Amino acid sequence: MAEAPQDRATAAASAPLLTQEETLTADTFIRGLWQENPVFVMLLGMCPVLAVTNSTINALGMGLSTTFVLVFSGILISLLRHWIPKQVRIASYIVIIATFVTLVDYAIQAISLELYAALGAFIQLIVVNCIILGRAEAYASKQRVLTTIVNSLGTGIGFTLALLALGTVREILGNGTILGISLFGPDFQPWLIMILPPGGFFVLGAWLLYFNWLRLNRLRRVTTFTGAPADAR
Amino acid sequence: MHVELQTQPTATPVWPMLRTLGVIATLSGLLVVLADQITQPMIAEKQRLLTEQLVFQVIPGAVTKRDFIITADGRLEATASGASGEPIYAAYTAAGQLQAVAIVGSGGGYAGPVQVMFAYDPSCQCIVGSQVLKSNETPGFGDKLDTDPAFRENFRALEARVDTAGTALANPIVTVKHGTKTAPWQIDAITGATISSRAMGKAANQAAQRAAPVIQRDLAKLTQPN
């Protein structure tokens, strides 16, 4: 208990096999947003990240759907964690995840058929999103319900923010709009490639470059001030 | 000879695994059925509103609509009669005049069929509007079919004239490469979205080939009051 918070965070982040139940701290939530951001740090779920981030609204719809599935499948898996034999755990997780994805699928149709048409097959494909199965296997199956909810929410919001970071930039550059509202007037010649698949790679690459630069910069500054190498995060 | 029949002493009993999977699958089934029951009327209502909204969108100025069916033997029947077939939607002005008919067609696009609603004006025998209903085209990209101003120009008066025999179009509607449109029944493609544009052309052709001859033959049914 004498550990510094920084050390505990390091231990939690670097050890995928958490065996002890984690105490609920702010870090449980924030980790998914920053140190363990599913997109910019872990590079997971690249399929929807590249495919449906061509507009802000699509990115938001996808991010919130994934967050919903993350949280609710996490709750159920955490509740059943002492009860699922390890031989059938992956099958159980997939069935649970698929159930919540189907619920989201119906819900989006009931909310907006337009959004449903825009997101297409990527809603159903949330089932195979490795962020969710990863959280189920590495976290929900070992932790209490409350910490699971907080952690899943953090990861989900981290994912949503990452999608928005891509979606907003791509919509502005590739379509000259934000949430469908024109920004530059009718004379703007949209940079079409940005809403095409290659644009996804360009913008993702640019964001990764930026975040890695930030990280290295911070590392360099800390090293200069303290004289000791610090954690790269 | 001693044959060891039970070679796996550490195997987990089958029953807990079966029980777990069984319970989870049952729970999953219940949740999905429940969600389906709750959302189905909402989705049907959304779909109906969307159709109505789309009809008035492709036929601006119309205030009322009546639903008809093209039967398999090529006749027009009111939907209320219970006939089954392709639906079309006749839209009327405030004065009760037939303005245009909304017809639906689909064509193969970049990623599966593109379903489009067209406004067919029986008096000029031409297509005067369009709206994509369903497409799996690259998100944010197939949208151009509805928003690109130059492409929209194609659907101001796209000729869909019925031939003298009254069974098909005199000139099938086709999509041509950007900038090579020469005839009123051709669609000028969007640069960079040629396959989607072509799907639009196929959809227009399919819808008009099927509906235009029937509408011209049974025009009286559409124009007469309820």
Side-chain angles (χ1 to χ4, degrees), chain A residues 51-59 61-62 72 76-77 80 83-89 91-122 167 170-171 174-175 177 180 186 190 192-197 199, chain B residues 10-51 53-54 110-112 114-115 132-144 146-149 190-193:
Chain A
V52 295
T53 55
N54 43 25
S55 75
T56 312
I57 190 74
N58 289 359
M62 188 69 204
F72 283 88
L76 204 56
I77 289 165
L80 299 175
W83 196 68
I84 299 177
K86 70 175 194 306
Q87 290 87 344
V88 293
R89 67 186 194 286
S92 308
Y93 300 162
I94 288 291
V95 173
I96 291 170
I97 293 166
T99 307
F100 287 108
V101 170
T102 312
L103 299 194
V104 167
D105 191 83
Y106 284 135
I108 292 186
Q109 280 189 67
I111 293 165
S112 162
L113 289 169
E114 251 171 41
L115 184 63
Y116 186 75
L119 294 177
F122 289 97
R170 288 180 69 187
E171 189 181 338
N175 211 18
T177 59
L192 203 59
I193 194 128
M194 282 305 172
I195 54 169
L196 295 180
Chain B
T10 53
T12 320
V14 173
W15 168 238
M17 295 197 263
L18 277 177
R19 180 196 58 187
T20 307
L21 287 177
V23 169
I24 289 175
T26 312
L27 196 66
S28 156
L30 280 175
L31 275 173
V32 170
V33 170
L34 188 71
D36 182 62
Q37 290 293 314
I38 294 171
T39 53
Q40 212 169 38
M42 293 160 77
I43 296 170
E45 176 66 8
K46 272 258 152 78
Q47 198 82 56
R48 197 188 60 77
L49 281 176
L50 189 71
T51 311
Q53 188 195 331
L54 282 166
Y110 191 74
V114 176
Q115 206 186 13
V132 175
L133 298 181
K134 201 184 259 180
S135 90
N136 292 326
E137 303 301 276
T138 321
F141 199 58
D143 306 357
K144 294 255 177 256
D146 281 335
T147 52
D148 190 276
I190 306 172
T191 327

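Sequence lines set the chain letters: A, B, ... in the order given, protein chains first and strands last, and positions in each chain run from 1. Note that the structure is a prediction, hence the values are computed from the model and not measured.
- Residue Glu45(B) does not touch chain A at all, counting heavy-atom pairs closer than 4.5 Å.
- At a 4.5 Å heavy-atom cutoff, the contact between Lys46(B) and chain A is made by backbone and side-chain atoms alike.
- A donor-acceptor pair is defined here as one N or O able to donate and one able to accept, closer than 3.5 Å; such a pair exists between the side chain of Arg170(A) and the backbone of Leu196(A).
- Considering every non-hydrogen atom in both Tyr106(A) and Thr39(B), the closest pair reads CB-OG1, 3.5 Å.
- The candidate with the highest count of non-hydrogen atom pairs below 4.5 Å against chain A, out of Ala111(B), Ser28(B), Ala35(B), is Ser28(B).
- Thr99(A) is not listed as a side-chain neighbour of Leu76(A), based on a closest heavy-atom distance of 4.5 Å or more.
- Put simply, of Gln109(A), Glu114(A), Lys86(A), the one with the most heavy-atom pairs under 4.5 Å next to chain B is Gln109(A).
- For the residue pair Ala59(A) and Gly167(A), the shortest heavy atom distance occurs at CB-CA, 4.3 Å.
- The residue among Pro197(A), Ser92(A), Ala107(A), Ala91(A) with the most heavy atom pairs within less than 4.5 Å of chain B is Ser92(A).
- When each of Leu34(B), Ile38(B), Ile43(B), Val23(B) is checked for heavy-atom pairs under 4.5 Å with chain A, Ile43(B) comes out on top.
- Of all heavy-atom pairs spanning Leu31(B) and Leu103(A), the tightest one is O-CD2, 3.6 Å.
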